[in-house]
Amino acid sequence: MLQTGLIYNRQFRNETNGFKKRKFMTSGEIRQQFLDFFKSKGHEIVPSAPIVVKNDPTLLFTNAGMNQFKDYFLGNKKPASTRVADTQKCLRVSGKHNDLEEVGVDTYHHTMFEMLGNWSFGDYFKADAIKWSWELLTEVYKLDKDRLYVTIFEGDAKENLAKDEEAYNEWKKWIGEDRILLGNKKDNFWEMGDTGPCGPCSEIHVDCRSDEERKQVEGKTLVNADHPQVIEIWNNVFMQFNRVWDNKASFDEWEKQYEGDDKKEVRAKKVVQYTKLENLPAKHVDTGMGFERLVRVIQGKQSNYDTDVFTGTIAETEKITGKKYDYSDSKEAVAFRVLADHIRAIAFTIADGQLPSNTGAGYVIRRILRRAVRYYYSYLDYKQPLLHQLMPLLAKQFEQVFPELFKQADFVSKVVREEEEAFLRTLEKGLKKIDDVIADTKQESATVINGKAAFELLDTYGFPIDLTRLIASENNLSVDEAGFEVEMKEQKNRSRAATAIDTEDWIVLHDTAASEFIGYDTLEIKTKVTKYRKVKAKGKEAFQVVLETTPFYAESGGQVGDTGTLQIGDEVIDIVDTKKENNLTIHFAEKLPADLSGEAFAKVNIEKRFSTAANHSATHLLHAALRKVLGAHVAQKGSLVNNEYLRFDFSHFAKVTDEEIEQIEAIVNEKIRENIPVVIKELPKDEAVALGAMALFGEKYGDIVRVVIMDPAYSIELCGGTHVGSTGQLGFFKIQAESAVAAGVRRIEAVSGKAAEEVIKEQGVLLRSIKEALKNPKDLQKAVESLQAENSELRKTIEHLENRFLVGIRNELLHKDEIINGVTFVGSMVEVSNADALKKLCFELKSHLNDHLAVLCANIGGKPFVAVSIDEKVVAAKNLDAGKIIKEHIAPLIKGGGGGQKTLATAGGQDASNLQAVIEKVKSLL
RNA sequence: GGGGAAUUAGCUCAGUUGGCUAGAGCGCUUGCAUGGCAUGCAAGAGGCCACCGGUUCGAAUCCGGUAUUCUCCA
């Protein structure tokens with residue numbers, strides 16, 4: 001069990017930190033020393049990849065240092081340098097050792113964290129890796145040697161794997177053999193997936209307990225035992241094997257039949273059974289050292305939150321809220337930690353281009369942000385947006401390491417603030433709802449809020465369950481947690497069932513590597529199908545086809561996937577969409593030819609592709625124009641390009657005015673008329689940036705990037721999309737809409753080429769027809785305005801006349817009154833045009849008569865309508881009820897129905913011949 | 001992608017099982033009061049109750065569809 005209770009009290013905290021006194025090192029220095037150290041060992045220092053992952057359906061965020069180097073390990077790509085080191089921004093919100101709800105409760109879980117790593121791609125191996133780890137920790141960071149332990153892989157009989165003697169012998173050179181511990185496959189053998197590169201790993205653990213505690217219990221017994229003060233700080237993975245399928249068919253067979261809760265473990269065993277390990281020709285080193293943890297150890301703190309990585313934000317939060325952080329287990333202290341942690345995750349993901357939203361990665365950000373709001377709202381008693389106030393401090397803190405945040409600090413704050421405000425509004429609405437729920441619960445004299453209501457609060461009003469719990473307890477109520485869980489589970493099942501895509505196995509025809517894309521220059525080609533499979537989603541069958549070479553552009557960078565045809569033999573099938581799965585281009589078809597083995601002729605829908613390319617080129621021209629007109633702060637925040645139009649989201653703080661829109665259109669159209677040739681080059685990222693390409697924080701290290709240039713002085717962008725040959729092919733550019741997407745993000749929708757021409761044509765036609773309808777006035781706008789004015793004038797006049805008319809009828813009726821048994825009775829047929837007028841007349845009579853009973857009938861378009869009005873006094877004195885009279889006496893006579901209040905009721909029906917009888921009937925009741 | 005909900009005056013929202021001439025607060029206009037302001041008092045303007053269709057004698061209210069927004073889940 002995790003001993004979270006070990007969050008120490010203050011006194012203990014000041015007394016001892018386990019380590020001998022040494023010069024204080026800031027977190028910045030610690031990070032820099034790591035990078036400097038590996039630089040001195042011949043490593044190239046590379047920047048962190050973005051925290052947000054694109055083009056990998058299995059991953060939303062970078063969750064480990066090695067993510068950006070995956071292709072090098074898999075052999076898909078060759079690295080520019082064989083020795084690399086970096087600090088990588090990572091985000092984890094779920095997983096076996098990590099749950100969002102745990103973060104902040106203890107001393108060491110985080111959502112966003114930095115992973116320091118050094119890498120060898122077929123270069124050095126165990127000897128150097130181990131030597132340098134030791135050197136860095138003990139010589140540079142000067143950690144006490146007698147507090148360090150290392151683990152190595154003990155071997156595994158089932159896999160026929162021997163103990164990692166090589167690592168053991170290397171470690172022996174530096175550390176006593178009694179401190180080298182053996183670890184099992186679970187802890188000390190690392191694998192990327194079912195198959196692929198893998199190998200033993202060696203962990204370094206550090207014992208941070210006080211000397212006293214260390215005397216009582218030996219440190220090595222606590223390694224890998226979830227002790228909060230005896231922790232792993234560095235893992236060195238030695239990739240030396242490649243796991244390949246030995247009998248994939250049997251495994252697939254097994255997996256198809258097998259279902260179960262314990263699936264993961266059983267499945268892993270099966271994978272072992274049906275695979276074999278081969279030696280990797282090029283051996284790699286992949287290491288990861290949690291930065292926040294390392295800082296805590298070096299600075300001798302007992303909690304990550306006590307290091308200078310977090311103390312700045314905690315102090316700032318104290319200043320803002322006026323509360324004091326007391327290092328305890330209290331909800332208030334948890335709130336401080338939650339804020340200090342979450343603000344980082346939120347800030348860096350937004351800075352990397354992911355806005356909060358209600359789906360996918362954006363939803364994860366929103367959830368993290370809302371959890372932070374919940375904590376300050378409930379436990380720091382702060383009811384206004386707080387997080388955005390921490391942003392300047394955080395941006396400054398990381399200015400040197402992750403400049404992308406500092407550069408966009410204003411934008412990020414604005415987005416965060418807007419999100420906070422939105423959620424605070426949601427909370428307020430939820431508070432109103434929960435009042436109703438509590439009132440209902442109390443009325444039923446229950447003491448438990450039922451699970452369904454609690455779930456509805458969350459599901460519909462976004463009201464978090466912990467707040468429901470809190471407010472319930474303040475009202476001496478509890479929440480039916482079990483019932484809530486049931487509802488939650490049902491919702492999850494519903495969602496899962498709806499998204500379940502039934503994927504059959506690939507049927508492999510030709511065993512080749514990733515398919516080659518040749519569609520930049522070629523739109524049709526003879527090739528062959530390498531593999532295909534059937535997928536089923538929501539009962540609909542579809543097929544996915546992979547080609548050896550393909551001219552089809554797969555959806556990417558906002559540009560939609562190509563459509564077209566695939567011909568095999570005499571059969572032609574439609575390709576309805578093209579998408580990417582990692583490096584694989586997948587073509588979607590609704591049906592397949594009978595035989596896929598022969599030569600395949602792949603042909604892209606040229607017209608669509610061309611219109612799409614035009615819109616994509618137009619997007620670049622637009623982007624550059626926006627920066628010219630609005631300023632250099634404009635950065636792309638999202639983009640959609642298809643054959644019909646383009647949509648471009650960008651950061652900008654105000655509505656783009658009509659004048660600005662006109663300027664932007666003018667610039668783009670000017671560039672179109674200049675007929676600039678579109679030049680496309682493939683370059684290493686650094687060269688592209690040097691050329692002046694808009695530096696997008698979206699590329700991985702070492703990528704060869706594609707640069708699209710339309711006049712080097714105007715637009716240079718990194719882009720993988722397809723473009724026209726020269727800007728003149730766009731013909732014409734027209735902005736159709738400008739709107740807001742989120743705080744500080746505007747959206748422009750526009751068209752180019754034929755579609756733009758079409759839009760102008762349609763507008764012309766519309767304008768002409770409106771003019772004609774108005775008899776071709778000189779000033780169209782004025783004509784419409786006067787028409788509107790006249791219309792409202794007429795409406796008022798009619799209303800006025802109707803009232804006058806009703807007053808006339810009323811006066812006539814007032815003369816017809818007769819006193820029956822002390823009641824002023826008026827019963828008459830009237831001529832009005834609608835049923836509402838009957839009601840109005842009743843009110844008129846009421847205000848001019850005392851103790852009245854009126855029954856008014858009208859024949860409107862052959863249908864009978866009746867209204868009965870009775871004075872309150874008469875209702876009481878005579879025990880009459882207009883509603884009852886209508887229902888019991890009148891409705892049958894007119895073959896209809898009706899109802900209303902005791903004093904006023906109306907009816908309608910089908911038979912207008914008995915209206916006179918109706919009046920007599922009512923009269924007889926008096 | 002799947003569920004739940006919301007849409008009523010310029011803004012924030014009431015409107016209880018279909019029927020009281022669709023309301024409140026703030027804002028707006030006008031008048032009055034105060035030396036001025038904050039403000040107070042009085043009167044008034046302002047609503048195709050999101051849109052389309054259906055059920056009903058009768059729909060802001062019930063049903064179906066569309067749009068937009070919120071929200072939970074994947």
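Below, chain A is the first sequence line, B the second, and so on; all start at residue 1.
The neighbour count for A/K489 NZ, taken as heavy atoms of other residues, nucleotides or ligands under 6.0 Å away, does not exceed 12. Residue A/E590 places its CD atom among 12 or fewer non-hydrogen atoms of other residues, nucleotides or ligands, all under 6.0 Å distant.
Summarising the geometry, the separation between CD1 on A/I886 and C1' on B/G19 is reported as 11 Å, rounded to the nearest angstrom. Rounding to whole angstrom units, CG of residue A/D436 and P of B/C13 are separated by 15 Å. Taking atom CZ of A/F455 as the reference point, atom P of B/U71 lies 15 Å away to the nearest angstrom. The nearest whole Å value for the distance from the NZ atom in A/K433 to the P atom in B/U71 is 15 Å. When rounded to the nearest whole Å, the span between CD of A/E487 and C1' of B/U71 equals 16 Å. Taking atom CG of A/L427 as the reference point, atom P of B/C70 lies 15 Å away to the nearest angstrom. Remark: P of B/C13 and CG of A/L431 are 13 Å apart, rounded to the nearest angstrom. Rounding to whole angstrom units, CZ of residue A/R425 and C1' of B/U12 are separated by 12 Å.
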Review item, side-chain donor-acceptor pairs of residues 915-926 of chain A, under 3.5 Å, at least two apart:
residue: A/K923; atom: NZ; partner: A/E818; partner atom: OE1; Å: 3.4
residue: A/K923; atom: NZ; partner: A/E818; partner atom: OE2; Å: 3.1
residue: A/S924; atom: OG; partner: A/K921; partner atom: O; Å: 2.5

Set out, line by line, the N/O atom pairs under 3.5 Å between protein and nucleotides 64-69 of chain B.
none

Taking only nitrogen or oxygen atoms into account, show me every contact under 3.5 Å that the protein makes with nucleotides 53-58 of chain B, one pair per line with its distance.
residue: B/C57; atom: O4'; partner: A/G908; partner atom: O; Å: 3.0
residue: B/C57; atom: N1; partner: A/G897; partner atom: O; Å: 3.0
residue: B/C57; atom: N3; partner: A/G897; partner atom: O; Å: 3.4
residue: B/C57; atom: N3; partner: A/G898; partner atom: N; Å: 3.3
residue: B/C57; atom: N4; partner: A/G898; partner atom: N; Å: 3.4

Sort me out a list of protein N/O and nucleotides 3-10 of chain B N/O pairs below 3.5 Å, or just none if empty.
residue: B/G3; atom: O2'; partner: A/R494; partner atom: NH2; Å: 3.2
residue: B/G3; atom: N2; partner: A/D459; partner atom: O; Å: 3.1
residue: B/G3; atom: N2; partner: A/D459; partner atom: OD1; Å: 2.3
residue: B/G3; atom: N2; partner: A/D459; partner atom: OD2; Å: 2.7
residue: B/G4; atom: O2'; partner: A/T460; partner atom: OG1; Å: 2.4
residue: B/G4; atom: N2; partner: A/T460; partner atom: O; Å: 3.0

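B/G47 and B/U12 have their C1' atoms separated by 16 Å, given to the nearest Å. B/U68 and B/A22 have their P atoms separated by 31 Å, with the value rounded to a whole Å. Only the C1' atoms considered, B/A59 is 11 Å distant from B/G54, to the nearest whole Å. Taking the P atoms as reference points, B/G25 lies 12 Å from B/G40, given to the whole Å. Taking atom P in both B/A14 and B/G58, the straight-line distance is 29 Å, to the nearest Å.
Every residue two or more places apart in sequence or in another chain that forms a side-chain hydrogen bond (donor to acceptor under 3.5 Å, both in side chains) with A/K846 is listed here: A/E872. Applying the side-chain contact (heavy atoms from CB on, under 4.5 Å) test to A/R417 and every residue at least two apart in sequence or in another chain returns A/P385, A/H388, A/E421. Residues forming a ring-ring contact (aromatic ring centres under 6.0 Å, His included) with A/Y376 (at least two apart in sequence, or on another chain): none. Take A/D194 and apply the side-chain hydrogen bond (donor to acceptor under 3.5 Å, both in side chains) test, not counting sequence neighbours, and it matches A/R267. With sequence neighbours excluded, no residue satisfies side-chain hydrogen bond (donor to acceptor under 3.5 Å, both in side chains) with A/E487. Partners of A/H587 by ring-ring contact (aromatic ring centres under 6.0 Å, His included), not counting sequence neighbours, listed by chain and number: A/F552. Every residue was checked against the side-chain hydrogen bond (donor to acceptor under 3.5 Å, both in side chains) condition with A/N642, not counting sequence neighbours, and none meets it.
For A/D649 and A/R747, the salt-bridge test passes: some basic side-chain N is under 4.0 Å from an acidic carboxylate O. Ion pairing of A/E481 with A/R469 is present here, as a side-chain N (NZ or NE/NH1/NH2) and a carboxylate O approach within less than 4.0 Å.
At a threshold of 4.0 angstrom between heavy atoms, the contacts of A/T426 are confined to the sugar-phosphate backbone, with no base atom among them.
Taking the nucleotide of RNA chain B with the nearest heavy atom to each of A/K840 and A/F463, the more 5' of the two is matched to A/K840. The residue among A/T903 and A/N493 whose nearest nucleotide of RNA chain B lies closer to the 5′ end is A/T903.
Between the side chain of A/Q901 and the backbone N or O of A/G883, no donor-acceptor pair lies under 3.5 Å. Under the 3.5 Å distance criterion, the side-chain polar atoms of A/N63 are left unmatched by any main-chain donor or acceptor of A/R92. A donor-acceptor contact shorter than 3.5 Å links the side chain of A/E420 to the backbone of A/L386.
Base-pairing analysis of RNA chain B finds the following stems of at least three consecutive Watson-Crick or G-U pairs, with both pairing distances under 3.5 Å: B:1-7 with B:67-73, B:10-13 with B:23-26, B:28-33 with B:39-44, B:50-54 with B:62-66.
For A/K839, the side-chain atoms get nearest to B/C20 when compared with the rest of B/U71, B/C20, B/G2.
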